[in-house]
Amino acid sequence: FTLIEFIVAVALFVIVLSVVLSLLNMSLKAHRRVIALQNVEENARFLMDFITKEVRMSTINSSTEASLNITRSDGELVIYTFSSGRIERTTSTPSNSGPISSDQVIINGSFHVEGISGGDFAQPKVTISMEIKGTGAKIEEQAKINIQTTISQRNFDL
């Protein structure tokens with residue numbers, strides 16, 4: 001082997017190695033992005049299911065943009081509030097009160113209620129809109145989704 005052949009072989013090896021390492025780096029970033037998105041979606045699904053089940057079997061009392069006031073079928077008053085990037089659930093039982101959202105996400109949202117004013121005979125319902133964002137340290141770990149659902153209460157008094 002001559003010195004020129006050796007230099008050409010080393011140069012080709014370095015080029016191939018750098019291409020492989022850059023592909024590996026891109027693959028790791030994509031994997032982190034997918035994991036972050038799965039985490040955000042899992043948190044969103046849990047929160048929507050939790051609130052939906054409770055609202056469906058409750059009576060919607062009132063709402064502001066940041067809070068929802070309901071009475072459960074057992075008579076317990078429950079207030080959901082969007083506060084400081086979390087969803088807080090407040091009840092008369094302190095052990096059942098507190099944040100229901102994970103520390104791994106930041107949540108902003110609003111409640112919009114229809115059909116609770118007397119005399120309109122409309123089915124009471126609440127629309128929940130949320131923006132859920134991951135709290136990852138790296139940009140690819142900060143997935144964000146927007147979700148919305150409308151829930152009607154099942155016990156309808158005429």
Side-chain angles (χ1 to χ4, degrees), residues 19-158:
V19 168
V20 169
L21 288 177
S22 68
L23 288 173
L24 179 65
N25 189 30
M26 287 184 344
S27 172
L28 288 173
K29 284 183 180 182
H31 181 68
R32 283 189 199 118
R33 193 174 314 119
V34 167
I35 295 296
L37 187 58
Q38 279 180 326
N39 183 38
V40 169
E41 287 176 349
E42 184 178 304
N43 277 281
R45 190 174 17 262
F46 169 78
L47 291 169
M48 283 299 192
D49 286 348
F50 187 90
I51 295 171
T52 298
K53 287 177 185 175
E54 194 159 52
V55 169
R56 244 191 214 130
M57 300 307 293
S58 302
T59 301
I60 302 169
N61 299 325
S62 64
S63 171
T64 64
E65 189 165 313
S67 69
L68 175 66
N69 182 325
I70 62 173
T71 303
R72 292 172 27 142
S73 58
D74 62 1
E76 185 173 25
L77 182 68
V78 178
I79 301 171
Y80 287 101
T81 309
F82 288 104
S83 173
S84 303
R86 304 179 99 181
I87 295 182
E88 301 278 338
R89 181 178 183 266
T90 308
T91 66
S92 55
T93 311
S95 63
N96 291 336
S97 296
I100 60 170
S101 57
S102 168
D103 292 336
Q104 298 175 352
V105 292
I106 298 170
I107 300 173
N108 295 305
S110 63
F111 298 104
H112 178 70
V113 174
E114 296 177 16
I116 60 172
S117 59
D120 62 1
F121 298 110
Q123 177 73 21
K125 61 185 173 185
V126 60
T127 300
I128 305 170
S129 300
M130 284 194 260
E131 176 189 82
I132 302 175
K133 182 177 166 186
T135 60
K138 297 182 179 181
I139 192 73
E140 63 265 9
E141 296 172 351
Q142 296 177 359
K144 179 177 92 169
I145 61 172
N146 294 306
I147 60 172
Q148 178 176 318
T149 189
T150 300
I151 311 154
S152 61
Q153 72 181 34
R154 286 192 179 158
N155 54 347
F156 182 56
D157 299 323
L158 295 176

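All residue numbers in this chain count up from 1 along the given sequence. What you see below is based on every heavy atom in this structure, not just the backbone, and it leaves out hydrogens, waters and symmetry mates.
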- Scanning both residues in full, the closest heavy-atom pair of Glu114 with His112 reads OE2-NE2, 3.4 Å

- Query: When you look at Lys144 and Glu131, which way does the salt bridge (Lys or Arg N to Asp or Glu O under 4.0 Å) test go after all the steps?
  - Reply: CA-CA 7 Å; Lys144 179 177 92 169; Glu131 176 189 82; 3.6 Å; yes

- Query: Tell me, do Ile60 and Val55 make a side-chain contact under 4.5 Å, heavy atoms counted?
  - Reply: yes

- Message: Can you confirm whether Gln148 is buried at CD, in the sense that more than 12 heavy atoms of other residues, nucleotides or ligands lie under 6.0 Å from that atom?
- Response: yes

- Would the number of heavy atoms belonging to other residues, nucleotides or ligands and lying under 6.0 Å from CD of Glu41 be above 12? yes

- Test side-chain hydrogen bond (donor to acceptor under 3.5 Å, both in side chains), reference Gln104, set Thr135, Asn39, Asn43, output is Asn39

- Query: Can you name the closest pair of heavy atoms from Pro124 and Gly115 and give their distance?
  - Reply: CG-O, 3.5 Å

- Measure up the Phe50 and Tyr80 rings against each other and bin them: parallel (under 30°), tilted (30 to 60°), perpendicular (over 60°). perpendicular

- So CZ of Arg86 and CG of Leu47: to nearest 0.5 Å the spacing works out to 11.0 Å

- Does the side chain of Thr71 come under 3.5 Å of the side chain of Ser58 through a donor N or O and an acceptor N or O? no

- Query: Salt bridge check: are Glu140 and Arg32 linked by an N-O gap of less than 4.0 Å?
  - Reply: yes

- Is there a donor-acceptor contact under 3.5 Å from the side chain of Ser67 to the main chain of Ser63? no

- Query: Do the side chain of Thr91 and the main chain of Val78 share a donor and acceptor less than 3.5 angstrom apart?
  - Reply: no

- Query: Looking at side-chain heavy atoms only, is the closest gap between Met48 and Met130 below 4.5 Å?
  - Reply: yes

- Task: Could you verify whether a donor N or O on one side chain and an acceptor N or O on the other, from Thr81 and Glu88, lie under 3.5 Å apart?
- Result: no

- Task: Take Thr93 and Glu76 through the side chain to side chain contact (heavy atoms under 4.5 Å, CB included) test and state the conclusion after the steps.
- Result: CA-CA 9 Å; Thr93 311; Glu76 185 173 25; 3.0 Å; yes

- Task: Find out whether Phe82 and Asn108 are in side-chain contact, i.e. whether some heavy atom of one side chain is under 4.5 Å from a heavy atom of the other.
- Result: no

- Item | From Ile132 atom CD1 to Ser101 atom OG, the distance as rounded to the nearest 0.5 Å | 8.5 Å

- Item | Check against side chain to side chain contact (heavy atoms under 4.5 Å, CB included), Leu77 and Asn61 | CA-CA 9 Å; Leu77 182 68; Asn61 299 325; 3.6 Å; yes

- Measure the spacing between CE of Met57 and CG of Asp74 and express it to the nearest 0.5 Å. 11.0 Å

- Query: So does Arg72 pair up with Glu54, basic N to acidic O under 4.0 Å?
  - Reply: yes

- Query: Can you tell me if Gln142 uses its side chain to pair, donor with acceptor, with the backbone of Gly134 under 3.5 Å?
  - Reply: no

- Side chain proximity check, Ile128 to Thr150, heavy atoms < 4.5 angstrom: no

- Heavy-atom side-chain contact between Ile151 and Lys125 under 4.5 Å: no

- Message: Could you measure the distance from the CD1 atom of Ile107 to the CD1 atom of Ile147? Nearest 0.5 Å is fine.
- Response: 8.5 Å

- Query: How many angstroms lie between atom CD1 of Ile70 and atom CD1 of Ile79, to the nearest 0.5 angstrom?
  - Reply: 10.0 Å

- Message: Looking at Leu21, I'd like to know if its CG atom is crowded, meaning that more than 12 non-hydrogen atoms belonging to other residues, nucleotides or ligands lie closer than 6.0 Å.
- Response: yes

- Message: What I'd like to find out is whether the side chain of Ile100 reaches to under 4.5 Å of the side chain of Ile51, using heavy atoms alone.
- Response: yes

